[in-house]
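Letters A, B, ... are given to chains in the order of the sequence lines, protein chains preceding strands, and every chain is numbered from 1. Basis for what follows: all heavy atoms, side chains included, without hydrogens, waters or symmetry-related copies.
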Protein chains: 2
Amino acid sequence: MELSERKKAILQAIIEDYIQTAEPVGSRNIAKNHDLGLSAATIRNEMADLEEMGYLDKPHTSAGRIPSEMGYRFYVDSLMHRYSLTMEEISSLQSSMDRKYSQLENVVSEISDIISKATNYPAIVELPTAQKSRLRSVKMMLIEEGSVLIVVVTDAGVVRNRQMKVSADIDYEIIDSISEFLSGQLTGLSADDFTPARLMLIYEAMSQYGDFLKTVVEFVLECLGNTQSRVYIGGASNILNNPEFENIERAREFFSFIDRKENVSNMLNLLETAEENISIKIGSENNAPEMRDTSLVVASYNVGGKLHGKIGIIGPKRMNYARVISSLELINANLTEILGRMIYGKDDTDGN
Amino acid sequence: MELSERKKAILQAIIEDYIQTAEPVGSRNIAKNHDLGLSAATIRNEMADLEEMGYLDKPHTSAGRIPSEMGYRFYVDSLMHRYSLTMEEISSLQSSMDRKYSQLENVVSEISDIISKATNYPAIVELPTAQKSRLRSVKMMLIEEGSVLIVVVTDAGVVRNRQMKVSADIDYEIIDSISEFLSGQLTGLSADDFTPARLMLIYEAMSQYGDFLKTVVEFVLECLGNTQSRVYIGGASNILNNPEFENIERAREFFSFIDRKENVSNMLNLLETAEENISIKIGSENNAPEMRDTSLVVASYNVGGKLHGKIGIIGPKRMNYARVISSLELINANLTEILGRMIYGKDDTDGN
DNA sequence: GTTAGCACTCAGGGAGAATGAGTGCTAACA
DNA sequence: TGTTAGCACTCATTCTCCCTGAGTGCTAAC
């Protein structure tokens, strides 16, 4: 059933008041503060309808109304206006990101700080991951006698390395030849291409170094399959600024939940990755009982078509969605650019 | 002034009761529950003395006594007994750490989980850092046309890499020769050795690649100077299990403090690094107003004499110090071993 | 369909009393 | 001289009771 324009206006007024005050809103206040040209009594009638239809809840008989999850959902989908960041907000955000980053880990943790400062909510930043990447390059080098460093680069730009012990009689030349051999055999493959048959061939061709080769191949596979997401959470304490978390039990529940990073990753993984778009999950839409009173707002980023990840915030269901969305969009754009520069070099080309 | 044995026994009884109950302890309870052979009245007198001497505080006239910081300090230094972990505790801790770790970041975050589970307090794990490390090896390799990967290894075992754009006409051979040249010039140097004169020589010898060399040298310097500590904090929500944090303001203060990781690093840096030993800082000894009600217990680890870091917990001043210490010692020993294996290869040799 | 009016509900807050755990002091005891 | 019993006193905590005020639902009139 369609909502009348008047019902929409009233619902919007209630939700926006509630977002601001965190107090149940009553008919009188709506009549006074919003120029709807209606009396409190009329609004009361409409509110009763909205409640019956499921858009509003009542904490108890003599309190005002608060939005239900369905109410928020309708608001977010149909009523909310875009929020435009002020010039100051934009320039302060941009200047806070305009610096040199050296390590991925640092970018991620700093971005999470920036998000949480900009929104006043706990921020989530997912490290970029690649799906089905191919091996671009594997190299080995002797660091000192008996110790070899393996460096693996995937076509998504992921670089990882590991140090391994080898027997002392393996010298530079041997390493170079193994390195060249493996590189020839494996470059361009994805994890799926590592069939037992192919591996057998490799091991046999250099059977005297079988054990060593095996460890190297395992490591390469690990790098290619490195699809597990890792998340950073910053500014978690911000959640305590919201009156819904003054109850220590609620706070404990929230912090225990986000302490376990895999909870957060799982939640992110459940989001449909609408390209370049914002996902909003309200309360129980997150499928986690601990999140029943909080919403998740997430933006997806995508670097050079290969690497992607998500950034977002967790806040009370009663949150200024419009403002959060604008901030996330801006930060997301900057982040994409920063990562592009970091991973694919000094400029912004797509990195193939 | 020396405390009489009787005063010590009473002080110890009070502190241990308080650690258990978090309630101010009264004379009557001490008389009843501890077999000191004294009446409540006598204990009251002694308590009055202990208070006057500064070992005890009184929240208000008609409550029992609670230990002062000085009281805790005395307890930790002189009264506390060692706690022996039970066989089950030991074997469960050890089995939780007995698995393969691949990346340093993973070790650190998992160890922080283990610590917080074992102690029920928020855990801190510092990533290993090296002081004044020397360059063991720098290598470059062409990943694809126009893109070079630089890999730097220090004698502390730190490996870092960065991808850089170069002009397209730089080919394998040129890279190899630059790589070899730089390696020859820089291997064995520490950050202090990068004098302007030496750098000038290098840039002049290969002046046609000046800009590129400069970026590489900067990166190497960054790796050698990589002495900033990074910390992980796990199980922060555990702090909320303690009644002293039922007050939401306290909780907020605590979480805001540890949200800023540099606060925690700073605190760790202020500890004297007593080799292989445990440091305890009680309340305001931490020089941070936000920590005035919490204590820090920290163990230092040390891998191969080069790399070191710290692990520890933050808990209320009223904490089971003895138990925490034993757990940290055990975890610390295991961590040292794990890191040794990871960084210096498959066995535990010292790694020079 | 809208609105004014009225009876009713109920959370929140404050005042006041009861409770009980604890203290300090004094006087008696060993 | 050190120890203890006893007693008056203190004070945070809890409870009860009552009031207030914001809000609702319903009805009757416009």
Side-chain angles (χ1 to χ4, degrees), chain A residues 3-11 13-15 17-18 20-68 71 243-244 246-248, chain B residues 2-11 13-15 17-18 20-68 71 243-244 246-248 250:
Chain A
L3 286 183
S4 69
E5 285 308 313
R6 194 166 81 175
K7 281 201 173 56
K8 285 186 191 169
I10 292 176
L11 181 57
I14 293 175
I15 294 181
D17 275 20
Y18 185 63
Q20 276 220 331
T21 64
E23 298 289 331
V25 326
S27 50
R28 232 177 95 77
N29 274 313
I30 295 290
K32 246 194 309 190
N33 304 332
H34 298 260
D35 225 4
L36 300 176
L38 297 169
S39 76
T42 310
I43 291 173
R44 267 206 294 284
N45 290 331
E46 294 287 42
M47 281 163 84
D49 288 354
L50 285 167
E51 184 185 345
E52 205 177 338
M53 296 162 83
Y55 294 99
L56 294 177
D57 280 340
K58 218 175 4 181
H60 59 266
T61 348
S62 71
R65 301 299 208 297
I66 62 176
S68 67
E244 28 276 271
E246 298 213 325
N247 175 341
I248 198 80
Chain B
E2 259 303 309
L3 286 182
S4 69
E5 286 308 312
R6 195 165 80 176
K7 281 199 172 59
K8 286 186 192 169
I10 292 175
L11 181 58
I14 293 173
I15 293 181
D17 274 20
Y18 185 64
Q20 277 220 332
T21 63
E23 299 289 332
V25 326
S27 50
R28 231 176 96 79
N29 274 313
I30 296 290
K32 245 194 310 192
N33 304 332
H34 297 259
D35 225 5
L36 299 176
L38 297 169
S39 77
T42 311
I43 292 172
R44 268 206 293 286
N45 289 331
E46 295 287 42
M47 281 163 86
D49 287 353
L50 285 166
E51 185 186 346
E52 205 177 340
M53 296 162 83
Y55 293 99
L56 294 177
D57 280 340
K58 217 175 2 181
H60 58 266
T61 350
S62 72
R65 302 301 208 296
I66 62 176
S68 67
E244 29 277 90
E246 298 212 326
N247 176 342
I248 199 80
R250 268 253 144 299

Asks: Provide the Watson-Crick or G-U wobble partner of D:dA28, both distances under 3.5 Å; none if there is no partner.
Replies: C:dT3
Asks: Considering the options B:I10, B:L50, B:I14, which one meets the side chain to side chain contact (heavy atoms under 4.5 Å, CB included) requirement together with B:I43?
Replies: B:I10
Asks: To the nearest Å, give me how far apart CG (B:D49) and P (C:dT23) are.
Replies: 14 Å
Asks: Tell me: NZ of A:K58 to P of D:dG23, nearest whole Å?
Replies: 14 Å
Asks: Between atom CZ in B:R44 and atom P in D:dT4, what is the gap in whole Å?
Replies: 11 Å
Asks: Classify B:A63 by what it touches in the nucleic acid, base, sugar-phosphate, or nothing, heavy-atom distance under 4.0 Å.
Replies: sugar-phosphate
Asks: Could you tell me the separation between the CE atom of A:M47 and the C1' atom of C:dT3, rounded to a whole number of Å?
Replies: 16 Å
Asks: Between A:L38 and A:E46, does the side chain to side chain contact (heavy atoms under 4.5 Å, CB included) criterion hold? Intermediate values first, please.
Replies: CA-CA 11 Å; A:L38 297 169; A:E46 294 287 42; 5.7 Å; no
Asks: Give A:N29 one of three labels, base, sugar-phosphate or nothing, depending on what nucleic acid heavy atoms sit under 4.0 Å from its own.
Replies: sugar-phosphate
Asks: Answer yes or no: side-chain N or O of B:R28 and base N or O of C:dG20 forming a donor-acceptor pair under 3.5 Å.
Replies: no
Asks: Donor-acceptor pair under 3.5 Å: do we get one between A:T61's side chain and the base of C:dT9?
Replies: no
Asks: On a plain distance test, is the side chain of B:S62 in donor-acceptor contact with the base of D:dT10 below 3.5 Å?
Replies: yes
Asks: I need the CG-C1' distance between B:L56 and C:dG22, as an integer number of Å.
Replies: 14 Å
Asks: Considering Watson-Crick and G-U wobble pairs with both distances under 3.5 Å, what does C:dG20 pair with?
Replies: D:dC11
Asks: Write down the distance between CD (B:E46) and P (D:dT3), rounded to a whole number of angstrom.
Replies: 7 Å
Asks: Atom NE2 of B:H60 and atom C1' of C:dA21: how far apart are they, to the nearest Å?
Replies: 8 Å
Asks: What nucleotide among D:dG25, C:dT23, C:dG24 has an atom nearest to a side-chain atom of B:E51?
Replies: C:dG24
Asks: Measure the distance from CG on B:L36 to C1' on D:dG2 and round it to the nearest whole Å.
Replies: 16 Å
Asks: Considering non-hydrogen atoms only, spot the tightest contact between A:P67 and A:Y18 and give its length.
Replies: CD-CD2, 3.3 Å
Asks: How close do A:K7 and A:L3 get, counting heavy atoms only, and between which atoms?
Replies: CD-CD2, 3.9 Å
Asks: Using a cut-off of strictly less than 4.0 Å, decide whether A:T42 has a side-chain nitrogen or oxygen near OP1 or OP2 of C:dG1.
Replies: no
Asks: Select from A:V25 and B:N45 the residue whose nearest nucleotide in DNA chain D is closer to the 5' end of that strand.
Replies: B:N45
Asks: If you count the non-hydrogen atoms of other residues, nucleotides and ligands that lie under 6.0 Å from CZ in A:R28, is the total more than 12?
Replies: no
